[in-house]
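Only one structure is covered here, and it is reproduced in the block below.
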Amino acid sequence: MLNVIIFGPPGSGKGTQGIKIAEKYGLAHVSTGDLLRKEIETNTHFGTIVKGFIDRGELVPDATIIGILDSFLDKLPVGKGIIFDGFPRTVDQAKSLSEMMSTHKTEISILVDLNVDKQELVDRICKRGETSGRTDDKPETVTKRLEVYENQTKPAVEYYKQRNLYTAINGNGTVDDIFARLCEAIDTVK
Ligand code: UDP
Ligand code: MG
């Protein structure tokens, strides 16, 4: 199994690149952000809980997001592996993910961390906000999301560095150039 985490701040290209990687390597693309938006769209009990956190640019609490992911993984057919997009977002989530993986008799193969200049991130998200219809793609919320990323999400990098699973990727440039850099890293573990 090839289990990849695509990591990086909001606007770093996790979704765009995650889909391309899933296609090339035959992986299931699991975006926890997409799972949450689906809960909201279909008005589930979880949806009503998580909407406020997303709209404020805050993280959905660990127990809630882990519950949603866990039940999704239980239903996922066994395949060649998974690419996790937007998860984990805290150190505790990183620990839980390792536990979930070992329950499924597998493990994380690599984390690729997209490094993008801050101004480029803000520009990309504000541009996406013009068409995405996402309530959290407006300038005030973007600033909050970047702050949450720095304070709560980035520390999870240490967990993977300590386990030799971490690779930094230059996330500036064209989609194709960045994709090539990601594939080069993933090919070292596949
Ligand atoms: N979110 C969360 N936990 C997750 C995924 C998403 O709390 O595992 C929430 C959080 O409020 C985040 C929002 O959903 O700001 C959007 O996440 P997504 O990954 O879609 O945005 P991206 O970081 O890709 O811009
Ligand atoms: Mg995304």
- Query: Heavy-atom distance under 4.5 Å between the side chains of L146 and V122, does that happen here?
  - Reply: yes

- Have a look at V4 and tell me which of L182, I83, I82 forms a side chain to side chain contact (heavy atoms under 4.5 Å, CB included) with it. I83

- Task: Would you check if the side chain of T44 reaches a backbone N or O of E39 as a donor-acceptor pair within less than 3.5 Å?
- Result: yes

- Task: Calculate, to the nearest 0.5 Å, the distance between atoms CD1 and CD1 belonging to I169 and I6 respectively.
- Result: 8.5 Å

- Which atoms form the tightest heavy-atom contact between T32 and G86, and what is the distance? OG1-O, 3.2 Å

- Task: Please list, chain by chain and in numerical order, all residues satisfying side-chain contact (heavy atoms from CB on, under 4.5 Å) with V116, sequence neighbours excluded.
- Result: S12, E120, L121, R124, N172

- Message: Measuring only between side-chain heavy atoms, which start at C-beta, is D74 closer than 4.5 Å to H104?
- Response: yes

- Task: Hey, could you give me the CG/CG distance between N164 and L111, rounded to the nearest 0.5 Å?
- Result: 12.5 Å

- From CD (Q17) to NE2 (H29), nearest 0.5 Å: 10.5 Å

- Message: Going by the rule salt bridge (Lys or Arg N to Asp or Glu O under 4.0 Å), which residues pair with D136 if we only count those two or more places apart in sequence or in a different chain?
- Response: R134, R145

- At their closest point, which heavy atom of L2 faces which heavy atom of L27, and how far apart are they? O-CD2, 3.4 Å

- Task: Please tell me if the side chains of Y166 and D113 come closer than 4.5 Å, counting only heavy atoms from C-beta onward.
- Result: yes

Mind listing the side-chain donor-acceptor pairs of residues 62-71 below 3.5 Å, one per line with the distance, residues two or more places apart or on another chain?
unit_1	atom_1	unit_2	atom_2	d
D62	OD1	T90	OG1	3.2
D62	OD1	Q93	NE2	2.8
S71	OG	I68	O	3.3

- Task: Ignoring hydrogens and angles, tell me if any N or O in the side chain of N3 forms a donor-acceptor pair with the backbone of E107 under 3.5 Å.
- Result: yes

- Item | Residues that Q119 engages under side chain to side chain donor-acceptor pair (under 3.5 Å), provided they are two or more places apart | D123

- Item | For S132 against D137, the heavy-atom pair lying closest together | OG-OD2, 2.9 Å

Output a table of donor-acceptor pairs, distance under 3.5 Å, between side-chain atoms of residues 147-162 and any protein atom two or more places apart or on a different chain; print 'none' if there are none.
unit_1	atom_1	unit_2	atom_2	d
N151	ND2	E147	O	3.3
T153	OG1	R89	O	2.8
Y159	OH	S98	OG	2.9

- Item | Which atom of N115 lies closest to which atom of A168, heavy atoms considered | OD1-CB, 3.8 Å

- Item | Shared hydrophobic cluster, F84 / L59 (ILVMFWY, side-chain heavy atoms < 4.5 Å) | no

- Query: Donor-acceptor pair, T103 side chain versus E99 backbone, under 3.5 Å?
  - Reply: yes

- Note on the structure: Tightest non-hydrogen contact, residues A185 and I110, listed as O-CD1, 3.6 Å

- Establish whether F72 and I108 are linked, either directly or via other cluster members, by ILVMFWY side-chain heavy-atom contacts under 4.5 Å. yes

- Query: With a 4.5 Å limit on heavy-atom distance, are the side chains of I5 and L97 in contact?
  - Reply: yes

- Message: Please determine whether residues L35 and M101 belong to a single hydrophobic cluster, defined as Ile, Leu, Val, Met, Phe, Trp and Tyr linked transitively by side-chain heavy-atom distances below 4.5 Å.
- Response: yes

- Message: Quick check on the hydrophobic clustering: are L76 and F87 connected, directly or via other members, by side-chain heavy-atom contacts under 4.5 Å?
- Response: yes

- Hydrophobic cluster identity match, M100 and L165, side-chain contacts under 4.5 Å: yes

- From I186 CD1 over to K24 NZ, what is the distance, rounded to the nearest 0.5 angstrom? 8.5 Å

- Task: Please report the closest heavy-atom contact between F7 and K14, naming both atoms and the distance.
- Result: C-CD, 3.9 Å

- Can you find a heavy atom in the side chain of L36 that is under 4.5 Å from one in the side chain of F46? no

- Query: Between T188 (side chain) and E184 (backbone), is there a donor-acceptor pair under 3.5 Å?
  - Reply: no

- Message: Treating R181 as the side-chain partner and N170 as the backbone partner, does any N or O pair qualify as donor plus acceptor under 3.5 Å?
- Response: yes

- With sequence neighbours excluded, residues passing side chain to side chain donor-acceptor pair (under 3.5 Å) with K51: D55

- Message: If I take atom OG1 from residue T135 and atom CD1 from residue I40, how far apart are they, to the nearest 0.5 angstrom?
- Response: 7.0 Å

